[in-house]
Amino acid sequence: MSSKKKNLSSFEGESHTDARGMRIGIVTAAWNKEVTDTLLRGALSTLETHGVDKNDILLYEVPGSFELPQGASLVIQELQPDAVICLGCVIQGETRHFEFISQSVADGCMNLGLKTNVPVIFGVLTTENHDQAIQRAGGKHGNKGDEAAFTAIRMVDMKRMLKIQKGQPS
Ligand code: DLZ
């Protein structure tokens, strides 16, 4: 689906989820740091707006996006968060590195989430150039960090609801 002209951070009507008590890991790639720092700021702001306590946000950095699934796996293993958000920015270069990194990170996040049942959120920009990345990190196409944080909250909320429903005889 094309995201042309779409602000990826608009979640009107869905923003009332109460995230108090949630413990959320965030693993951020240092590669393309001026972009990933902005994604991180967006994610932090969205988590705090929804009630996540600062002390319940577990922040870690990895060298590049390729290391995000491994970083998330370590956070899950050592800290048992409710969800982990992976933030990165992969920009297409002249070689096929882009394809290998993007696909590996996407697969790694998906597989880790399915294996652990801890939501692992893919907050990674995969763009053709630097300008496209900037537009999706606080520019005219919103901030993918916000979107990733809200996705994490919604997934943890879904787990909470399932637990409540399981405890209630139908
Ligand atoms: C090597 C590399 C390249 C070429 N491009 C990016 C990129 O655009 N975004 C990113 O997050 N990381 C990049 N990396 C680094 C890899 O993710 C990884 O850190 C190294 O290949 C070492 O495993």
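Start at 1 and go down the list; that is how both ligands and their atoms are numbered. The residues of the chain are indexed from 1 along the displayed sequence. All figures in this text were calculated on a predicted structure; none of them were measured in a lab.
- The side chain to side chain contact (heavy atoms under 4.5 Å, CB included) search around Arg20 returns Asp18, not counting sequence neighbours.
- Scanning both residues, Ala148 and Ile121, for their nearest heavy atoms gives O-CG2, 3.5 Å.
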Contacts table for residues 97-118: side-chain donor-acceptor under 3.5 angstrom, sequence neighbours left out:
{"from": "Glu99", "atom 1": "OE1", "to": "Arg96", "atom 2": "NE", "distance (Å)": "3.4"}
{"from": "Glu99", "atom 1": "OE1", "to": "Arg96", "atom 2": "NH2", "distance (Å)": "3.3"}
{"from": "Ser102", "atom 1": "OG", "to": "Phe98", "atom 2": "O", "distance (Å)": "2.7"}
{"from": "Gln103", "atom 1": "NE2", "to": "Asp107", "atom 2": "OD1", "distance (Å)": "3.1"}
{"from": "Ser104", "atom 1": "OG", "to": "Phe100", "atom 2": "O", "distance (Å)": "2.5"}
{"from": "Asn111", "atom 1": "ND2", "to": "Asp107", "atom 2": "O", "distance (Å)": "3.2"}
{"from": "Thr116", "atom 1": "OG1", "to": "Leu112", "atom 2": "O", "distance (Å)": "2.7"}
{"from": "Thr116", "atom 1": "OG1", "to": "Val118", "atom 2": "N", "distance (Å)": "3.2"}

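- Counting heavy atoms from C-beta on, the side chains of Val27 and Ile85 never come closer than 4.5 Å.
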Under 3.5 Å, sequence neighbours excluded: what are the donor-acceptor pairs made by side chains of residues 54-73?
{"from": "Asn55", "atom 1": "ND2", "to": "Asp53", "atom 2": "OD1", "distance (Å)": "3.4"}
{"from": "Glu61", "atom 1": "OE2", "to": "Lys33", "atom 2": "NZ", "distance (Å)": "3.0"}
{"from": "Glu67", "atom 1": "OE1", "to": "Gly64", "atom 2": "N", "distance (Å)": "3.0"}

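- For ligand 1, the 4.0 Å heavy-atom shell contains residues Trp31, Asn32, Gly64, Ser65, Phe66, Glu67, Cys89, Val90, Ile91, His97, Ile101.
- Within the 3.5 Å criterion, the main-chain N or O of Ile24 finds no donor-acceptor partner in the side chain of Asp82.
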